[in-house]
Amino acid sequence: MAKENVMTFVEARSKLSEIVDRVSEQGETYIVSKRQKPVAVIIGIDEYRHLSGTAKYMKNVRGKRIINLEGTATAVGDIDDAIRALRKSRLDAISKNVP
């Protein structure tokens, strides 16, 4: 894991844009504290996906993201479009089964 930077909530709020840039570009990690106690962590999306376990469902192949849901892999350019299509297909399947 990259170097951790500890800062107060007030300081983090005032420098949020800079923090987000440093996290995404340089892989830095920030711990935010309130009343001298750590309460939150700001990490990059790749680190978050790795820690949360969602990285195993996402892959990049030739510039497209591949999402694997329940053993079915689909190439998508935009994850939001893929989720909308998945929801629509589920609703269509439900409506076909209703008498």
Side-chain angles (χ1 to χ4, degrees):
M1 189 184 273
K3 178 185 170 202
E4 296 176 346
N5 302 292
V6 180
M7 61 179 40
T8 66
F9 176 79
V10 173
E11 186 181 5
R13 182 174 53 190
S14 70
K15 297 180 177 180
L16 186 58
S17 180
E18 177 186 331
I19 291 169
V20 170
D21 289 342
R22 292 179 79 156
V23 165
S24 65
E25 294 168 6
Q26 299 171 13
E28 292 187 19
T29 300
Y30 287 84
I31 297 174
V32 180
S33 65
K34 270 188 166 180
R35 297 186 183 102
Q36 300 175 345
K37 292 184 180 181
V39 295
V41 178
I42 302 173
I43 59 174
I45 191 69
D46 292 334
E47 183 70 15
Y48 168 76
R49 286 183 177 144
H50 174 74
L51 293 172
S52 69
T54 57
K56 64 183 175 184
Y57 299 110
M58 302 289 289
K59 294 181 186 175
N60 282 326
V61 176
R62 288 186 228 131
K64 289 194 174 189
R65 284 188 276 183
I66 303 291
I67 186 168
N68 185 350
L69 301 172
E70 297 182 22
T72 304
T74 306
V76 295
D78 181 15
I79 194 71
D80 293 326
D81 289 340
I83 291 170
R84 278 191 283 280
L86 178 62
R87 287 180 180 155
K88 184 181 180 319
S89 69
R90 291 172 73 193
L91 290 173
D92 290 345
I94 291 170
S95 66
K96 289 178 184 177
N97 292 331
V98 175

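Keep in mind it's a predicted model, so treat the numbers as computed, not measured.
The only option from Lys15, Glu11, Arg22 that meets the side-chain contact (heavy atoms from CB on, under 4.5 Å) definition with Tyr30 turns out to be Arg22.
Note on residues 31-44: no pairs pass side-chain hydrogen bond (donor to acceptor under 3.5 Å, both in side chains), not counting sequence neighbours.
Rounding to the nearest 0.5 angstrom, the gap separating the OG atom in Ser14 from the CD1 atom in Ile19 is 7.5 Å. Between the CD1 atom of Ile31 and the CE atom of Met7 there is a distance of 11.0 Å, given to the nearest 0.5 Å.
For Val23 against Gly44, the heavy-atom pair with the smallest separation is CG1-N, 3.1 Å.
Looking at heavy atoms from C-beta onward, Glu47 lies out of side-chain contact with Thr29 at the 4.5 angstrom threshold.
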